[in-house]
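The figures that follow rest on heavy atoms only: side chains count, while hydrogens, waters and symmetry mates do not. In this chain, numbering begins with 1 at the start of the sequence shown.
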Amino acid sequence: MAIDVTAKPTGTAARRKAPGPSRNCFLDYQRDAPRLIAGLQTEYGDIARFRIGPMLIHLVSHPELIRQVLVGSDTRHLKRGIFYDGFKAYFGDGLLTTDGDQWKRHRDISRPMFQAKRIEDMTPAITDAAVTLAGRLRAHSEQGEAFDLIHETMWYTIEVLGRTLFGSALGDAVDRVGPAVQVGMPLIIQRGNPMYQAIPTWVPIPHNLKLRRTLAVLDDFLADVIEDHRRNPRSDLVTGYLDADAGMSTKEIRDGLMTTFLAGHETTGTSLAWTLWQLANTPTIRRTLEAEVDSVLGGRPATLEDLPNLPYTRMVVEESLRVYPPIWLYPRQATQDLEIAGYHIPTGSNLFISPYATHRHPEFWDNPEAFDPDRFTPERVAERDRHAYMPFGFGQRQCIGKHIALLQLQVAVATVAQEMRLSMVPGTPVTYDAKLSFRPRQAPGHTISVTAHPRRDT
Ligand code: HEM
């Protein structure tokens, strides 16, 4: 349905409802949430009104309207809301889940670690971890065995996070925390449901028992990291929290670090897995990428200085984040009545912003399911509304880790592509699972079976 996305609020939309389905979408959301959300956009257009159980939701999918929500005057009347409240069982009150002064305190402590100069200084550690990742893939190939790609990409992102923000090599913690994170993802999203929020976490229903078990693993892990820093302070995020001027409580420190640990490794590990999987399945794109890295790197691992000379690598990463956005949906909740595109949004309504849907919006993307890095040539980017692409969000709450994530993705893709090729193990096709992040899934536990082959042998 065509609407005027640039319409200024008239105040006359008092009770005008946005279009949307009359059925309750609870079951569709449980079954396949991205499909539901993309379908609502296709059927009802740039703003769609629907219900999941008792929750009223407006999906806002045109960039012009998303600007109104994320950076326009409506921003001050929106909070993180009931979905993010559910995440608090895991993340606590950290950077991702809070608003106002509490959020600002976390952002102020974290900000120095994410400044351009600090990120520049992180590059050698990132390059090192990428070289080790390529070596791990080589070791699998030498043993002639299939392995789980997700396990390897999570190893890499935990290792990078450890060496850049948490002050020690943590990669091997993937075996300690990986299963807990996988079990935890659907629990986090379930907690967005008011039904679960109404049941205190001490009530021994299966959901709560699982929640407690997985949290205990993550909490123990973080307690070890914090204890280690109390004994040996270093210049990193953990010490930043321990030394915060305003003095942070133990819980605030735990919540701040848990947020960055979970938000920082799972998203990037997921994106790297999608990207390497896509390359394994698209030989023409893989060959163009290999030609670029061979000519620019000539056998060296990729460093920060190389990145401007690796435009195709960047385009592959950007296209991967378009088709497979790890944070495929981010919600807000209205704290007062709003008007968007002439429609009434009552107080309490949730607003969904979905990169998955907007990255498939027909006004901005032709044949959106096709993986085509050429969409990200500078000329084509300049022609497009820049907010039609928003894997990291934008505005005040834009992802604080955006530049670290892009850096580590480009360095890993270039370094791995130079040495190794991956092939899918024939069998069960890879689909997605979007319980919290948008993850590839081939078998229960989100494994993806691949084999690796050194390029000089292929
Ligand atoms: C490909 C990788 C990543 C993607 C796609 C991603 C995506 C996002 C998105 C969409 C948001 C905004 C959510 C909203 O507006 O509600 C966000 C916030 C956040 N991200 Fe990321 N992220 C990635 C990597 C990282 C990394 C590497 C870190 C840390 C090292 C990180 C830490 C955070 C934090 C702490 C927030 C909350 C920021 C705030 O509210 O002030 N993310 N991320």
Determine whether the aromatic ring centres of residues [Y] and [X] are separated by less than 6.0 angstrom.
{"X": "Y84", "Y": "F87", "answer": "yes"}
{"X": "Y432", "Y": "W274", "answer": "no"}
{"X": "H265", "Y": "F261", "answer": "yes"}
{"X": "F83", "Y": "F352", "answer": "yes"}

Report the C-alpha distance between R105 and D101 in whole Å, list the side-chain angles of each, state the deciding distance to 0.1 Å, and finish with yes or no for side chain to side chain contact (heavy atoms under 4.5 Å, CB included).
-> CA-CA 6 Å; R105 252 159 86 75; D101 288 347; 5.8 Å; no
Is it true that the side chains of [X] and [Y] contain a donor and an acceptor less than 3.5 Å apart?
{"X": "D374", "Y": "T377", "result": "no"}
{"X": "Q410", "Y": "T313", "result": "no"}
{"X": "T239", "Y": "R230", "result": "no"}
{"X": "D385", "Y": "H62", "result": "no"}
{"X": "H77", "Y": "T75", "result": "no"}
{"X": "Y156", "Y": "T132", "result": "no"}

From [X] atom [atom1] to [Y] atom [atom2], the distance as rounded to the nearest 0.5 Å:
{"X": "T267", "Y": "L272", "atom1": "OG1", "atom2": "CG", "answer": "11.5 Å"}
{"X": "R287", "Y": "T282", "atom1": "CZ", "atom2": "OG1", "answer": "10.5 Å"}
{"X": "D255", "Y": "S249", "atom1": "CG", "atom2": "OG", "answer": "7.5 Å"}
{"X": "T260", "Y": "F91", "atom1": "OG1", "atom2": "CZ", "answer": "10.0 Å"}
{"X": "L310", "Y": "E305", "atom1": "CG", "atom2": "CD", "answer": "11.5 Å"}
{"X": "Q408", "Y": "T157", "atom1": "CD", "atom2": "OG1", "answer": "6.5 Å"}

Is [Y] close to [X] at the side-chain level, that is, under 4.5 Å between some pair of heavy atoms?
{"X": "T153", "Y": "T270", "answer": "no"}
{"X": "Y312", "Y": "P373", "answer": "yes"}
{"X": "F376", "Y": "R322", "answer": "yes"}
{"X": "M122", "Y": "L165", "answer": "yes"}

Return yes if some donor-acceptor pair links the side-chain N/O of N350 with the main-chain N/O of I57 below 3.5 Å, else return no.
-> no
Does [X] pair with [Y] as a salt bridge, N-O distance under 4.0 Å?
{"X": "D99", "Y": "R397", "value": "yes"}
{"X": "R80", "Y": "D85", "value": "no"}
{"X": "R455", "Y": "E419", "value": "no"}
{"X": "K251", "Y": "D93", "value": "yes"}
{"X": "E64", "Y": "R67", "value": "yes"}

Please confirm whether R360 makes a cation-pi placement over Y356, using NZ or CZ under 6.0 Å from the six-membered ring centre and within 45° of the ring normal.
->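 Here R360 passes the 6.0 Å and 45° test against Y356.
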With R375 as the cation and W365 as the aromatic partner, state whether NZ or CZ is under 6.0 Å from the six-membered ring centre and within 45° of the axis.
-> no
Criterion side chain to side chain contact (heavy atoms under 4.5 Å, CB included) on L59 and I47, from CA distance to verdict | CA-CA 5 Å; L59 169 69; I47 179 161; over 6 Å; no
Could you please spell out the steps behind the side chain to side chain contact (heavy atoms under 4.5 Å, CB included) verdict for L95 and W103?
-> CA-CA 5 Å; L95 194 47; W103 166 76; 3.4 Å; yes
For H359, the option from Y389, W328, F371 that meets ring pair (Phe, Tyr, Trp, His ring centres under 6.0 Å) |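 Of all the options given, the one that passes is Y389.
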How are the rings of H140 and F147 set relative to one another: parallel (under 30°), tilted (30 to 60°) or perpendicular (over 60°)?
->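 Ring orientation of H140 relative to F147: parallel.
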Check H106, H229, E252 against Y241 for a side chain to side chain donor-acceptor pair (under 3.5 Å) and give me the one that passes.
->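 With Y241 as partner, side chain to side chain donor-acceptor pair (under 3.5 Å) holds for just one option, H106.
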Step-by-step side chain to side chain contact (heavy atoms under 4.5 Å, CB included) determination, L407 to L304 = CA-CA 8 Å; L407 175 62; L304 187 66; 3.6 Å; yes
